[in-house]
Amino acid sequence: MSLPEILTRITAADKNAGRPEGTTKLIAVSKVQPNERVEAVLKEGHRVFGENRVQEAAQKWPTFRDSYDGVELHLLGPLQTNKARQAMELFDCIHTLDRSKLAKRIATLASELGHCPSLFIQVNTGNEPQKAGVSVEDTDAFVAECRALGLPVIGLMCIPPADEDPTPHFAQLRALAAQNNLAELSMGMSGDFECAIAQGATCVRVGSAIFGERVAPTA
Ligand SMILES: *Cc1c(COP(=O)(O)O)cnc(C)c1O
């Protein structure tokens, strides 16, 4: 796989879903990938990237940003409250807002820093105990809480259970976003992004299909 192939498949999926070309944003997930692979994708002109860990992004991206204009960086992994400040300084968008304590911390830091990344609320659509995210039942209340704090919540994000058909999870996320008047849906990875687009994804997070298999564990 490669960047042009993935972009072609996204364009086709948008078309199949009856959506205008360019509806779906591709986040190239560069976690754990060697710098040469990341730089190759930057050289091909891509500028939207995702990382799972604040520390790793802090080591990698300031240098790339010095060399390439217009980089947009998304945090896709769990965020510890004590890393919120660093995350807000590094990332343009955080996809993993999932609890009150973090929401309050981000709100406090936003007024201190004078800016806030765009935010997605992560929903644990599969109710998996080991997985982050608010439960489906708590989503409406948590969206309301974040709005009351003045946070720029733009959409919902999910990671469906690995061993299940993702379609009902994507459909449920879409319904939850609609009932909360949220326009953005962050869903779909290398194995299922076309399915996610068919279900209304506005952002897909694709790693290994662009960069090749990850060479080291991410956790
Ligand atoms: C690693 C990761 C991805 C990309 O996974 P691939 O299967 O390599 O496309 C997408 N989203 C999240 C949250 C991830 O952690």
Side-chain angles (χ1 to χ4, degrees), residues 1-10 13 24-35 37-38 40-41 44 46-61 72-80 83 87 90-99 102 117-134 154-167 169-170 172-174 177 184-219:
M1 283 300 158
S2 67
L3 179 70
E5 268 178 76
I6 299 301
L7 289 171
T8 302
R9 285 171 59 188
I10 288 173
T24 305
K25 176 181 279 197
L26 172 62
I27 301 174
V29 184
S30 50
K31 64 182 180 200
V32 200
Q33 298 288 354
N35 283 348
R37 290 190 191 171
V38 180
V41 170
E44 285 181 282
H46 197 72
R47 290 293 179 268
V48 185
F49 291 84
E51 288 284 345
N52 263 41
R53 308 184 69 185
V54 177
Q55 221 53 50
E56 187 185 337
Q59 281 160 16
K60 222 184 217 171
W61 283 97
E72 186 181 304
L73 204 55
H74 294 247
L75 178 64
L76 309 177
L79 178 57
Q80 291 171 268
K83 299 240 173 75
L90 264 170
F91 290 94
D92 302 291
C93 185
I94 295 173
H95 290 238
T96 50
L97 176 55
D98 66 351
R99 60 197 189 278
L102 182 60
S118 301
L119 302 168
F120 284 84
I121 290 171
Q122 182 175 355
V123 182
N124 187 357
T125 57
N127 279 321
E128 294 173 280
Q130 81 287 7
K131 204 167 266 177
V134 291
I154 60 169
L156 301 180
M157 176 273 216
C158 75
I159 308 172
D163 54 352
E164 284 180 31
D165 176 3
T167 308
H169 295 275
F170 295 153
Q172 182 166 47
L173 198 71
R174 178 189 189 151
E184 302 285 331
L185 285 169
S186 167
M187 56 191 200
M189 319 203 318
S190 290
D192 56 17
F193 68 88
E194 281 140 326
C195 169
I197 291 170
Q199 295 301 322
T202 60
C203 284
V204 294
R205 314 178 305 262
V206 180
S208 41
I210 295 173
F211 295 102
E213 288 305 317
R214 284 180 283 278
V215 291
T218 65

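One-based numbering, in listed order, for ligands and for the atoms of each. Along the sequence shown, the residues carry numbers beginning at 1.
- Between R53 and E56 no salt bridge is recorded (no basic side-chain N to carboxylate O distance below 4.0 Å).
- For ligand 1, none of its N or O atoms has an N or O atom of V206 under 3.5 Å away.
- Counting atoms of ligand 1 from 1 in the listed order, those under 4.0 Å from a heavy atom of G207 are 4 (C), 6 (P), 8 (O), 9 (O).
- Listed by number with element, the atoms of ligand 1 under 4.0 angstrom from any heavy atom of L76 are 13 (C).
- Salt bridge E184/K25: absent, no basic N to carboxylate O contact under 4.0 Å.
- Salt-bridge formation is not detected for the pair R9/E5: no Lys NZ or Arg NE/NH1/NH2 atom is positioned less than 4.0 Å from an Asp or Glu carboxylate oxygen.
- Using a 4.0 Å cut-off between heavy atoms, H95 makes no contact with ligand 1 at all.
- Although no hydrogens or angles enter the test, the distance criterion places no donor-acceptor pair under 3.5 Å between the side chain of E44 and the main chain of S2.
- A 4.5 Å side-chain heavy-atom check between Q122 and V134 finds every atom pair outside the cut-off.
- With respect to K60 and E51, a salt bridge is recorded, a charged nitrogen being found less than 4.0 Å from a carboxylate O.
- Those atoms of ligand 1 with a heavy atom of S190 less than 4.0 angstrom away are 6 (P), 7 (O), 8 (O), 9 (O).
- Close contacts of ligand 1 with N52, meaning ligand atoms under 4.0 Å from a residue heavy atom, involve 14 (C), 15 (O).
- Ring orientation note: the planes of W61 and F49 are tilted relative to one another, at an angle of 30° to 60°.
- Nearest-heavy-atom check against atom 14 (C) of ligand 1 across R205, R214, K31, M189 picks out K31.
- Near I159, meaning under 4.0 Å from one of its heavy atoms, ligand 1 places the atoms 13 (C).
- Applying the 4.0 Å criterion to heavy atoms of S208 picks out, from ligand 1, the atoms 6 (P), 7 (O), 8 (O), 9 (O).
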